Amino acid sequence: MCMIWLLALAFGIGGSLIVTLGFSRAFDRETESALRATRMVLNTLKIVDQVSPGTEHVKLAEVLGQMSGQSSAGWSALKLSSEGETLFEDNSCNISLDVQHQTSEGQGLVSVVRDGQGRRHMRISAALSATYETLYLDICYDISGIYEDSQAQVHIYRQVFAVIAVAGGLLCWAIAYWVTQPISALSAAAKRFASGDLSYRARVVNKDEIGKLTEDFNTMAEKLEDNIKTIQDAADRQKTFMGNFAHEMKNPMTSIIGYAELIRSQTLTEGEQMDAANYIFSEGKRLESLSFKLLDLLVLEKKEIQLVPARPAQIVGGMVEHLKRVYEEKGIVLQCRCEDGECLLEPDLVKSLLVNILDNARKAMDKGGNIYIMSEMTDEGCRIRVLDTGRGIPEEEIGHITEAFYRVDKSRSRAQGGVGLGLSLCNEIVRLHKGTMSFASRVGNGTCVTVELKGGRV
């Protein structure tokens, strides 16, 4: 509406100025033409009076009558004075004294009058200095044409103004709709997003400022959706963690309470008492291991470690020598190949990392096998690979094996004393070294664990 009002105001002012200016120029041209004709009549009468001094007024009236018949004047008169005797009058139209416009032009007085039919005439009154007295000449010229042209222009202007106002209004509405449609779409997208449809995105229509705003909204929505999914995943993991923790606590506690009640309430043989005590002891050790693992995990999540210069080859070699005999008793052969070099590590945590990875490799072998450990230096630290010839891990399980309490084979791991926290600890240790841990495995062919520690080189 504001644009329509502005358009109407601008067009109205401009059109009025054009029509007024056109009429003013046409009126000035008619005035100049009438003044020239009147001066010519005055000059002619002066010449007649000079050629025949003292000529009767009749002679001047005759000459004026002849000139009036040949000119475009609609009315002319010659008087002895402005209000005195009329010497000559040629009144071909009934002219009243309804003066519409009056101005003084040199020696003549110009005014606009109407005749009986309402037509407008330009009346010019001028004085003629004859030989013995002053005469007064009045001449009227029909100027209705310029008024009719002006009225026609006004009529055409009003029609054009109406057409332009309607067309301008429709154009303004179309432009406003085109401009605000993306905003409406963006508003609808915001409402859908706020209602919970996090996957909904606004369609980018143009590349203008609104299109850029829409792209920014979609980017914000994607980031917000990712953050919400991350929070939901964290909540799900926490819920799963609590459920797994309760389950891990339930089984040994049930066994301990059951065997303790059996010892308390019944008379058992010495052998039965020993079996019950052993079971209680094993389940207690399992709870102790679980509590220590959880404590280590909680401590590592909040710990800031101090990295010191260390030799990965020495740490790996020492760990292999320490565990070789224990693993050989289970039919497992440990082998290592290490590249010499020095980088920044936390040696105790790296040893714990190796123990947990090797322990998982051991549990993946039912009838013995081989474990290969390789370490090599990198530009940012070192890389350690552990390959085993165990059962392998299904591909769909690899993404979950670092989650707390997660086991690939839950029954076998529990029977082997595992609590599903080893790889979670390894993941935290790798994080503290600003590194990465990845898994490659084929079911039946073994697993390769690759750890890159990026604490820096010395």
Side-chain angles (χ1 to χ4, degrees), residues 14-49 55 57-130 133-161:
S16 299
L17 289 176
I18 291 174
V19 172
T20 302
L21 182 62
F23 174 79
S24 177
R25 289 181 176 179
F27 187 85
D28 291 342
R29 286 195 300 270
E30 290 295 329
T31 301
E32 182 64 28
S33 176
L35 289 174
R36 283 199 302 269
T38 301
R39 283 195 291 268
M40 182 180 68
V41 172
L42 289 173
N43 292 333
T44 303
L45 293 178
K46 287 180 180 180
I47 292 173
V48 171
D49 181 68
T55 303
H57 297 154
V58 178
K59 184 66 174 178
L60 295 178
E62 292 178 357
V63 173
L64 180 59
Q66 294 175 0
M67 295 183 66
S68 298
Q70 298 174 358
S71 68
S72 59
W75 175 85
S76 58
L78 184 64
K79 300 178 181 181
L80 289 174
S81 65
S82 59
E83 301 295 338
E85 178 186 356
T86 301
L87 302 177
F88 170 80
E89 181 177 10
D90 177 17
N91 191 4
S92 59
C93 56
N94 186 17
I95 297 177
S96 66
L97 297 178
D98 183 14
V99 179
Q100 302 295 319
H101 174 77
Q102 184 169 303
T103 181
S104 177
E105 295 288 345
Q107 295 180 350
L109 183 66
V110 179
S111 59
V112 178
V113 297
R114 290 177 181 268
D115 63 10
Q117 290 78 32
R119 298 179 63 82
R120 291 179 177 83
H121 298 263
M122 181 179 292
R123 178 179 178 177
I124 300 178
S125 301
L128 172 64
S129 298
E133 56 188 330
T134 301
L135 303 179
Y136 295 93
L137 175 67
D138 287 333
I139 301 179
C140 289
Y141 300 92
D142 188 357
I143 58 172
S144 298
I146 61 174
Y147 284 92
E148 292 172 356
D149 291 342
S150 177
Q151 291 296 325
Q153 290 178 1
V154 170
H155 180 69
I156 294 173
Y157 161 74
R158 289 174 179 173
Q159 292 179 335
V160 173
F161 179 80

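Small disclaimer: the values here were computed from a predicted structure and weren't measured.
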**Study point:** Any donor-acceptor pair under 3.5 Å from Thr20 side chain to Ser16 backbone
**Key:** yes

Practice item. Please round to the nearest 0.5 Å and tell me the distance separating atom NE2 of His121 and atom CG of Asp142. Key: 4.5 Å

Review point. When rounded to the nearest 0.5 angstrom, what is the spacing between OG1 in Thr31 and OH in Tyr141?
Key: 11.5 Å

Review point. Less than 4.5 Å apart, any side-chain heavy atom of Val112 and any of Tyr147?
Key: yes

Check your understanding: What residue pairs, at least two apart or across chains, pass side chain to side chain donor-acceptor pair (under 3.5 Å) with a residue in residues 148-158?
Key -> His155-Gln159

Check your understanding: Residues two or more places apart in sequence or in another chain: which of them pass salt bridge (Lys or Arg N to Asp or Glu O under 4.0 Å) with Glu32?
Key -> Arg36, Arg39

Exercise for review: Determine, stepwise, if the pair Ile124 / Leu35 fulfils side chain to side chain contact (heavy atoms under 4.5 Å, CB included).
Suggested key: CA-CA 7 Å; Ile124 300 178; Leu35 289 174; 3.9 Å; yes

Review point. Are Met122 and Phe27 side-chain neighbours, meaning at least one heavy-atom pair lies under 4.5 Å?
Key: yes

Study note, to complete from the structure: CZ of Arg119 to SG of Cys140, rounded to nearest 0.5 Å, is 13.5 Å

Exercise for review: Dump the intermediate steps for side chain to side chain contact (heavy atoms under 4.5 Å, CB included) on Ile139 and Arg123, then the final yes or no.
Suggested key: CA-CA 6 Å; Ile139 301 179; Arg123 178 179 178 177; over 6 Å; no

Exercise for review: Return each pair, listed once, that meets salt bridge (Lys or Arg N to Asp or Glu O under 4.0 Å) where at least one residue sits in residues 18-29; pairs must be two or more places apart or across chains.
Suggested key: none

